[in-house]
Amino acid sequence: MTTTTPITPGAAREIGVGLISVGWMGKLHSRAYQALPSVYPELGIKPRLVHAADSAEDRAAYARDVLGYAKAGTDYRAVLDDPDVEVVSVCAPNLLHHEIGIAAAKAGKPFWIEKPVGRGAEETAEVAAAARAAGVVTSIGYNYRHAPAVERARQLIAEGRLGRITNVRATCRAPAPDRRGPPARSARPCPRRASRRPRPGGR
């Protein structure tokens, strides 16, 4: 038997959203925020697109005129200083993640930051330390972490049921665009990542 959380009409709480960088990923974040009330109505949350920033003026205008942000400009600091912004998506180029992540933490804004957080372990650790010091909630854009298969694998590893893990290789499969044939034949591999120990000789 499946149980669901009761949904009370009109009970959704608005959350002011700020966006830093209006490129391809920034557009995806914006659409996801807009879809949230219909996809996850049980959360009782209604994101409100408040303030966007991009160093390119035409992209800032796009955020305001097309995506629907109430305000837009070219300085990301204005987004972080906006009292109506309650959560921020950091979708800027990778080399700016460290600077903006620390600034968002110091501004007291919970933020979602795209990967990589920093250009190396040191920068990433500095962003994490700033977030901990500020007591803000953060998330990194590793989208597959909540996929059921990944969560199951994590559970098995955490419970020690797979022994000592020294090598991981994983694939995912998705339907081909033409969707012809049975799923097994019409499947195409998703991008694959592998982690393994270096072999002798550096190969």
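Just so it is clear, the structure is predicted and the values come from calculations on it, not from any experiment.
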Would you say [X] and [Y] make side-chain contact, with heavy atoms under 4.5 Å?
{"X": "Pro110", "Y": "Val88", "value": "no"}
{"X": "Val85", "Y": "Val50", "value": "yes"}
{"X": "Ser89", "Y": "Tyr33", "value": "yes"}
{"X": "Leu36", "Y": "Leu43", "value": "yes"}
{"X": "Ile113", "Y": "Thr138", "value": "no"}
{"X": "Glu57", "Y": "Thr74", "value": "yes"}

Linking I/L/V/M/F/W/Y whenever their side-chain heavy atoms sit closer than 4.5 Å, directly or via other members, would [X] and [Y] fall into one cluster?
{"X": "Val90", "Y": "Val79", "value": "yes"}
{"X": "Val137", "Y": "Val127", "value": "no"}
{"X": "Val168", "Y": "Leu156", "value": "yes"}
{"X": "Val87", "Y": "Ile20", "value": "no"}
{"X": "Phe111", "Y": "Tyr142", "value": "yes"}

Taking atom types as modelled, is there a side-chain donor on [X] or [Y] under 3.5 Å from an acceptor on the other?
{"X": "Glu159", "Y": "Gln155", "answer": "yes"}
{"X": "His98", "Y": "Glu126", "answer": "yes"}
{"X": "Ser30", "Y": "Tyr69", "answer": "yes"}

Sequence-distant partners of Lys71, salt bridge (Lys or Arg N to Asp or Glu O under 4.0 Å), two or more places apart: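 Counting only residues at least two positions away or on another chain, Lys71 forms a salt bridge (Lys or Arg N to Asp or Glu O under 4.0 Å) with Asp82.
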
Test log, rule side-chain contact (heavy atoms from CB on, under 4.5 Å), inputs Arg152 and Val150: CA-CA 5 Å; Arg152 176 59 173 161; Val150 174; over 6 Å; no

N/O donor-acceptor pair under 3.5 Å between [X] side chain and [Y] backbone:
{"X": "Arg145", "Y": "Ile140", "result": "yes"}
{"X": "Gln34", "Y": "Leu67", "result": "yes"}
{"X": "Glu151", "Y": "Ala147", "result": "no"}
{"X": "His51", "Y": "Ala70", "result": "no"}
{"X": "Glu14", "Y": "Lys46", "result": "no"}
{"X": "Lys115", "Y": "Gly141", "result": "yes"}

Lys NZ or Arg CZ of Lys27 over Tyr62 ring: under 6.0 Å, within 45°: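 Output yes; distance and angle both within limits.
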
Which distance, rounded to the nearest 0.5 Å, do you find between the [atom1] of [X] and the [atom2] of [Y]?
{"X": "Ile15", "Y": "Ile45", "atom1": "CD1", "atom2": "CD1", "result": "4.0 Å"}
{"X": "Leu19", "Y": "Arg59", "atom1": "CG", "atom2": "CZ", "result": "11.0 Å"}
{"X": "Leu80", "Y": "Lys106", "atom1": "CG", "atom2": "NZ", "result": "12.0 Å"}

Considering all heavy atoms, the nearest Thr124-Gly118 contact: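 In this case the closest contact between Thr124 and Gly118 is OG1-N, 3.3 Å.
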
Which atom of Ala60 lies closest to which atom of Ala72, heavy atoms considered: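 Where Ala60 meets Ala72 most closely, the heavy atoms are O-CB, 3.1 Å.
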
All pairs passing salt bridge (charged side-chain N to carboxylate O under 4.0 Å, His left out) where residues 92-102 contributes a residue, at least two apart: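 As it turns out, the salt bridge (charged side-chain N to carboxylate O under 4.0 Å, His left out) pairs with a partner in residues 92-102, which skip direct neighbours, are Arg77-Glu99.
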
Matching residue for Ser21 among Asp54, Ile100, Leu96 - test: side-chain contact (heavy atoms from CB on, under 4.5 Å):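 Among Asp54, Ile100, Leu96, the one that satisfies the side-chain contact (heavy atoms from CB on, under 4.5 Å) with Ser21 is Asp54.
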
Intermediate values then yes/no, side chain to side chain donor-acceptor pair (under 3.5 Å), His97 and Glu123: CA-CA 9 Å; His97 287 184; Glu123 285 192 355; over 6 Å; no

